[in-house]
2 protein chains.
Amino acid sequence: MGVTIHDVARAAGVSVASASRALSGRRKVGADVAERVARAVAELGYRPNAVAKALRDRTTGTIGMVVPGIGNPFFTMIVEAVEHQLQRTGVDLLLCASQYTPEVEASRLETLMARRVDGLIISPCDMEGSVPAVLNAARQVPLVQVDRYIEDGGADWVGVDDAQALTLAVDHVVAGGARSVVFVGSRLVNSSARLRLDGFERAAARAGVSVRPPLLGDFTLGWGVEAGRLLLAEDSLPDAVICGNDEIAIGLLRALRLGGVRVPTEVSVVGFDDVGYAAMCDPPLTTVRQPVEAIAAEALRLLGQVRMDDPRPAQRIAIAPRLVVRETSRPVEGVSRDRGAAGAGSTPAGDPT
Amino acid sequence: MGVTIHDVARAAGVSVASASRALSGRRKVGADVAERVARAVAELGYRPNAVAKALRDRTTGTIGMVVPGIGNPFFTMIVEAVEHQLQRTGVDLLLCASQYTPEVEASRLETLMARRVDGLIISPCDMEGSVPAVLNAARQVPLVQVDRYIEDGGADWVGVDDAQALTLAVDHVVAGGARSVVFVGSRLVNSSARLRLDGFERAAARAGVSVRPPLLGDFTLGWGVEAGRLLLAEDSLPDAVICGNDEIAIGLLRALRLGGVRVPTEVSVVGFDDVGYAAMCDPPLTTVRQPVEAIAAEALRLLGQVRMDDPRPAQRIAIAPRLVVRETSRPVEGVSRDRGAAGAGSTPAGDPT
DNA sequence: CTGAAAGCGCTAACAT
DNA sequence: ATGTTAGCGCTTTCAG
């Protein structure tokens with residue numbers, strides 16, 4: 001620690017300007033200068049100070065990302081996708097969790113801006129509560145929302161096309177013979193919850209099937225099992241249940257099994273997201289896959305486009321999802337099941353603890 | 001963007017020094033000065049530039065963390081714990097994933113150091129391959145390893161007491177009547193894998209039970225189901241199988257169920273980590289819980305202690321785990337099962353997608 | 001092609 | 001109590 005470009009310049013017998021030029025390679029330097037600087041760097045173990053560079057350049061090569069919670073597999077997927085897209089960019093990611101709380105979300109945004117991130121990617125935790133902080137941040141620095149958005153239309157957004165996703169899900173179970181369907185999702189506190197319920201209702205109406213009143217809780221396993229019990233307690237089961245995310249679906253599956261209900265023979269279940277576990281649960285879950293890589297790529301592209309000076313209208317980009325048919329839905333002629341569902345090695349790997 | 005402390009000083013009609021003092025509150029200022037500065041700040045929407053402060057202070061208020069992969073629930077737990085401990089500290093976390101690859105790990109460490117993080121927390125991905133990068137980093141900045149460590153003893157470490165953990169697991173199944181046990185874990189490429197196998201073998205020997213050759217793959221669901229099939233293919237099943245982590249255990253459970261084996265009636269299964277899903281799988285998993293909060297707290301404490309000038313010997317701190325008895329192991333007199341296992345709302349919540 | 005010097009925004013001596 | 005100023009490490013005009 002502590003060897004600066006001055007030390008390098010002195011050791012190489014050149015000016016700091018030359019050392020800097022040699023280091024960055026962005027300007028011509030004599031061959032001998034380059035040579036001697038390189039040697040000095042190696043000998044002294046010089047490491048450029050990114051902080052000083054950032055101060056000088058007024059840009060940090062860093063973008064901030066804030067998601068509601070990193071414990072949630074879906075957010076983990078998006079974070080990984082963003083990280084993946086950033087790979088060879090030289091841009092680093094400053095990751096924060098808002099813990100589903102507008103207050104900590106606002107504070108995280110504040111410190112990210114103090115650190116002068118070059119851009120911000122955020123999945124706002126609360127459709128209403130997040131509005132001031134997000135809007136305020138968007139005024140200072142390029143910002144794009146992913147997955148969830150605030151109700152105010154003041155900032156760019158990219159996410160999955162929820163309407164299309166629900167259409168895919170509903171049409172699939174209907175094609176499998178379902179005549180009555182129910183939606184199990186989240187209370188309408190964030191945009192995804194609302195969009196998905198809407199999408200479901202429209203798709204069901206279009207398909208002309210009977211729809212039961214939706215069950216709305218939160219996006220957790222726990223709610224999934226509770227919802228399953230609620231369903232079991234009713235007079236009769238619907239032919240299919242469409243879930244707001246995979247966690248709910250997996251919890252539901254569990255409750256149904258405990259209740260002695262066979263899936264998909266008696267009822268079909270469809271999830272949403274396609275988290276890693278969906279392929280490994282029992283039976284493997286039919287679900288709508290979120291195009292996370294595409295979302296990440298698009299978000300980053302948008303971020304690069306934003307110019308704080310000429311404010312162009314906010315964009316909303318919805319990306320088409322894909323239905324992944326596995327074994328919790330009744331087979332449909334002409335639609336083949338996703339292979340690799342049942343077994344080993346089909347998940348991205350990972351080598352924990 | 002762009003309003004500096006100079007602007008504030010000018011607007012308030014005071015010197016930058018006074019403005020700085022008023023802002024930091026670290027030195028006395030006249031009441032009127034404080035007042036006028038506060039107003040100027042509010043009017044101009046001043047935001048201190050953390051980059052400039054960092055350059056001046058030679059400290060960033062940031063620590064870097066690098067884990068093999070954020071998709072793995074266990075690492076996610078540690079990251080959350082560290083974040084949680086950092087909460088009211090004003091210290092921010094710079095999170096990176098090494099993707100289980102020493103090369104990217106080295107590169108992440110390099111950029112973290114360029115950004116002048118005040119400390120580093122790392123779970124090295126490879127017992128051998130990570131050695132040079134970790135040692136090199138530890139030479140520049142306070143560093144502590146969590147969970148995994150490099151074989152060279154040159155850097156601090158804090159993690160779970162694997163030997164004790166395996167003793168807990170083995171003694172528990174033996175108390176439940178098991179006479180033959182097998183270990184399903186990971187190939188010995190990282191410290192945890194080795195420590196856990198060792199711990200298992202010692203504990204089994206001490207308990208005087210018959211042990212079958214261990215099955216070693218990786219820490220994934222996929223390997224768990226494969227191992228389950230391998231077990232099924234043998235002449236007879238062991239009384240109990242102890243797994244290297246929960247993912248393996250959950251995969252194994254699935255394979256056993258498909259094979260028609262009843263758990264825990266015919267065989268007991270014990271996991272390791274106690275990830276959120278362990279309480280929700282079927283049946284709920286008996287497992288050894290990692291004391292992640294304690295590990296995070298201890299790591300941070302250690303980090304604060306390290307003085308780069310006086311090199312004290314490296315420390316290794318192993319923290320005691322706790323056995324969480326659920327329903328994949330045969331009941332033992334006097335040991336009560338973990339309640340809340342079967343149902344709703346027992347997980348930390350989370351409100352995804 | 002190379003060097004001298006200014007300045008990014010901030011804080012801490014060092015005056016006053 | 002307040003103001004002036006140097007300087008953190010770097011890049012980039014501007015001269016030569």
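Heavy atoms only: backbone and side chains are in, while hydrogens, waters and symmetry mates are out. Lettering follows sequence order; numbering is per chain, from 1.
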_Check this for me, if you would: do Glu105(B) and Arg108(B) make a salt bridge, where the nitrogen-to-carboxylate-oxygen distance has to be below 4.0 angstrom?_
no

_Gap between atoms CG and P, on Asp7(B) and dG9(C) respectively (whole Å)_ = 9 Å

_Output the rounded distance in Å from CZ (Arg56(B)) to P (dG7(C))._
19 Å

*asked:* Distance check needed: dT12(D) P versus Leu23(A) CG, whole Å only.
replied: 12 Å

*asked:* With side chain to side chain contact (heavy atoms under 4.5 Å, CB included) as the criterion, how do Met65(A) and Leu112(A) come out once you've worked through the C-alpha distance, each side chain's angles and the decisive distance to 0.1 Å?
replied: CA-CA 9 Å; Met65(A) 179 163 188; Leu112(A) 253 12; over 6 Å; no

*Using a 4.0 Å heavy-atom cut-off across all strands, classify Ser20(A) as base, sugar-phosphate, or nothing.*
base

_Side-chain donor/acceptor of Arg307(A) to backbone N/O of Gly304(A), under 3.5 Å_ = yes

_Side-chain N,O (Ser18(B)) to OP1/OP2 (dG3(D)) below 4.0 Å_ = yes

*Looking at every strand, decide which applies to Arg21(B) at a 4.0 Å heavy-atom threshold: base, sugar-phosphate, or nothing.*
base

*Would you check if there is a donor-acceptor pair between the side chains of Asp118(B) and Thr60(B) at a distance under 3.5 Å?*
yes

*In whole angstroms, how far is the P atom of dC8(D) from the CG atom of Asn49(B)?*
18 Å

_Applying the side chain to side chain contact (heavy atoms under 4.5 Å, CB included) criterion to Val104(B), which one of Cys125(B), Ser98(B), Cys96(B) satisfies it?_
Ser98(B)

*Counting heavy atoms from C-beta on, name the nucleotide in dC10(C), dA4(C), dC10(D) closest to the side chain of Ala52(B).*
dC10(C)

*Check every atom of dC10(D), dG3(D), dC10(C) against the side chain of Thr4(A) and return the nucleotide holding the closest atom.*
dC10(D)

_OP1 or OP2 of dG9(C) versus the side-chain N and O atoms of Arg58(A): is any pair under 4.0 Å?_
yes

*asked:* Measuring to OP1 and OP2 of dC8(C), would you say a side-chain N or O of Arg116(A) lies under 4.0 angstrom away?
replied: no

*Pick the nucleotide of DNA chain D nearest each of Lys53(A) and His6(B); which residue has the one closer to the 5' end?*
His6(B)

*Atom CD1 of Ile5(B) and atom C1' of dT5(D): how far apart are they, to the nearest Å?*
14 Å

*Once you round it to whole Å, what is the distance between C1' of dG9(D) and CG of Asp57(B)?*
14 Å

_Tell me the interatomic distance from Arg115(A), atom CZ, to dG9(C), atom C1', rounded to whole angstroms._
15 Å

_Heavy atoms from C-beta onward define the side chain here; which of dA12(C), dG9(C), dC10(D) lies closest to that of Leu55(A)?_
dG9(C)

*Starting at atom CZ of Arg10(A), determine the distance to atom P of dG9(D), rounded to an integer number of angstrom.*
12 Å

*Could you please name the option among dT2(C), dT12(D), dT5(D) that lies closest to any side-chain atom of Asp32(A)?*
dT2(C)

*Using a 4.0 Å heavy-atom cut-off across all strands, classify Val14(B) as base, sugar-phosphate, or nothing.*
sugar-phosphate

_Within the 4.0 Å heavy-atom criterion, would you say Val33(B) contacts the bases, only the backbone, or no part of the nucleic acid?_
sugar-phosphate

